Asks: 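Dropping the structure in here first, questions after.
Given the structure is predicted, the values throughout are model-derived calculations rather than measurements.
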Amino acid sequence: TSLAVTAAPCGHCRQFLNELSNSAALKILVKGSAPNTLAKLLPESFGPSDLRVKERLLSGKKAHLKLTTPATDALSSAALDAAGKSYAPYTGALSGVAVMSSTGLMYHGSYIENAAYNPSLSPLQTALAGMIMSGEKPRNISAVTLVELENAPISQKSAAQAVLDSIAPRVKLRRVTARLKHR
């Protein structure tokens, strides 16, 4: 219902907040300013309703996926779970990543998109945010697995590898595909 921040959210953040089910009424509390709503901070917004998208960010909806080739390792399982939690109502390109740290900790991230398409958050970005918030350094990355929906219209592979090449050049991205489970 409310978000307290030290400065007004940037346009990138406002666009993602606009994907929430309560976006218009979301109260933004900025230190030293009167409370505002997202609707006031993002006038004449373009969002999911304009594209007739009913699913909303953080709704808890999960896609049921299975890997196209059997894998029993923890990174593949975690990346598959993260892919199922993706928010990709515009492209349908579900993807998730699992990052193993040399300290033995694992971080995972899901793809998150918005009606503006750009900016979207890659699964590697969301995993790295968790890693950095935990106090770990990207140089601690020892392995990364990306799970993507087979035949998706977009892929996170090249962007993820480019990021890894710059922050953890010795780490090669492992890509695995998944498909939707039919219930």
Side-chain angles (χ1 to χ4, degrees), residues 1-3 5 8-28 36-68 75-99 107-131 133 144-163 173-183:
T1 61
S2 302
L3 176 67
V5 291
C10 69
H12 182 117
C13 294
R14 292 175 197 196
Q15 193 63 46
F16 277 101
L17 291 170
N18 199 33
E19 297 289 329
L20 296 168
S21 61
N22 65 335
S23 63
L26 182 66
K27 290 184 184 105
I28 308 293
N36 246 324
T37 62
L38 181 63
K40 190 168 181 179
L41 293 175
L42 193 60
E44 299 182 41
S45 70
F46 180 80
S49 298
D50 298 298
L51 297 172
R52 296 181 182 85
V53 169
K54 292 183 171 107
E55 178 187 350
R56 294 303 180 102
L57 181 61
L58 303 177
S59 68
K61 183 180 176 192
K62 184 176 178 189
H64 300 282
L65 302 172
K66 68 177 181 178
L67 297 175
T68 56
L75 277 179
S76 294
S77 296
L80 179 66
D81 185 60
K85 295 175 183 173
S86 291
Y87 177 73
Y90 309 106
T91 64
L94 305 175
S95 60
V97 91
V99 174
Y107 303 91
H108 53 84
S110 304
Y111 176 54
I112 305 170
E113 60 188 19
N114 66 63
Y117 288 100
N118 185 15
S120 289
L121 288 173
S122 76
L124 183 57
Q125 274 181 287
T126 58
L128 288 173
M131 183 179 197
M133 286 175 24
V144 178
T145 297
L146 169 68
V147 170
E148 295 186 298
L149 195 61
E150 68 178 350
N151 302 318
I154 63 170
S155 173
Q156 302 293 326
K157 183 181 177 185
S158 61
Q161 188 61 62
V163 169
L173 177 70
R174 183 169 150 241
R175 180 181 177 265
V176 181
T177 59
R179 65 175 58 108
L180 290 168
K181 272 191 206 178
H182 296 290
R183 293 176 156 258

Asks: For residues 77-89, which side-chain donor-acceptor pairs fall under 3.5 Å, sequence neighbours excluded?
Replies:
from: S77; atom 1: OG; to: D73; atom 2: O; distance (Å): 3.3
from: D81; atom 1: OD1; to: K62; atom 2: NZ; distance (Å): 2.4
from: D81; atom 1: OD2; to: K85; atom 2: NZ; distance (Å): 3.0
from: S86; atom 1: OG; to: A83; atom 2: O; distance (Å): 3.0
from: S86; atom 1: OG; to: S95; atom 2: N; distance (Å): 3.1
from: S86; atom 1: OG; to: S95; atom 2: O; distance (Å): 2.6
from: Y87; atom 1: OH; to: E19; atom 2: OE1; distance (Å): 2.5
from: Y87; atom 1: OH; to: E55; atom 2: O; distance (Å): 3.3

Asks: What's the separation between atom CD1 in I28 and atom CG in L17, rounded to the nearest 0.5 Å?
Replies: 5.5 Å

Asks: Using modelled atom types only, decide if a donor and an acceptor are shared between the side chain of R14 and the backbone of P9 within a distance under 3.5 Å.
Replies: yes

Asks: Test L121 against H12 for side chain to side chain contact (heavy atoms under 4.5 Å, CB included), laying out the working first.
Replies: CA-CA 10 Å; L121 288 173; H12 182 117; 4.1 Å; yes

Asks: Once rounded to the nearest 0.5 Å, what's the spacing between atom OG of S120 and atom CD1 of I154?
Replies: 6.5 Å

Asks: Mind listing the closest non-hydrogen atom pair of A115 and Q15 along with its distance?
Replies: CB-NE2, 4.5 Å

Asks: To the nearest 0.5 Å, what is the distance between OG on S122 and NZ on K157?
Replies: 15.5 Å

Asks: Between P123 and L146, what is the shortest heavy-atom contact and its length?
Replies: CG-CD1, 4.0 Å

Asks: Report yes or no: does S45 contribute a side-chain atom to a donor-acceptor pair with the main-chain N or O of G47 at less than 3.5 Å?
Replies: no

Asks: Supply the atom-to-atom distance N114 CG to Y90 OH, rounded to the nearest 0.5 angstrom.
Replies: 7.0 Å

Asks: Quick one: which of L26, L20, N22 gives a side-chain contact (heavy atoms from CB on, under 4.5 Å) with L38?
Replies: L26

Asks: Short question: side chain of T177, backbone of T68 - any donor-acceptor pair under 3.5 Å?
Replies: no

Asks: I'd like to know if the side chain of E113 and the backbone of T91 have a donor-acceptor N/O pair within less than 3.5 Å.
Replies: yes

Asks: For N18 and S23, indicate whether the former's side chain and the latter's backbone hold a donor-acceptor pair under 3.5 Å.
Replies: no

Asks: If every non-hydrogen atom of L149 is compared with every non-hydrogen atom of G92, which pair is closest and at what distance?
Replies: CD2-O, 3.4 Å

Asks: Is the backbone N or O of Q156 less than 3.5 Å from a side-chain atom of E148, with the two atoms forming a donor-acceptor pair by type?
Replies: yes

Asks: Just do the side chain to side chain contact (heavy atoms under 4.5 Å, CB included) check on V144 and V97 with the steps written out, would you?
Replies: CA-CA 7 Å; V144 178; V97 91; 3.5 Å; yes

Asks: Do the side chain of T145 and the main chain of A98 share a donor and acceptor less than 3.5 angstrom apart?
Replies: no

Asks: Less than 4.5 Å apart, any side-chain heavy atom of L128 and any of V163?
Replies: yes

Asks: For the CG atom of L94 and the CZ atom of R179, what is their distance to the nearest 0.5 Å?
Replies: 14.0 Å

Asks: How many angstroms lie between atom CG of L65 and atom NZ of K181, to the nearest 0.5 angstrom?
Replies: 8.5 Å

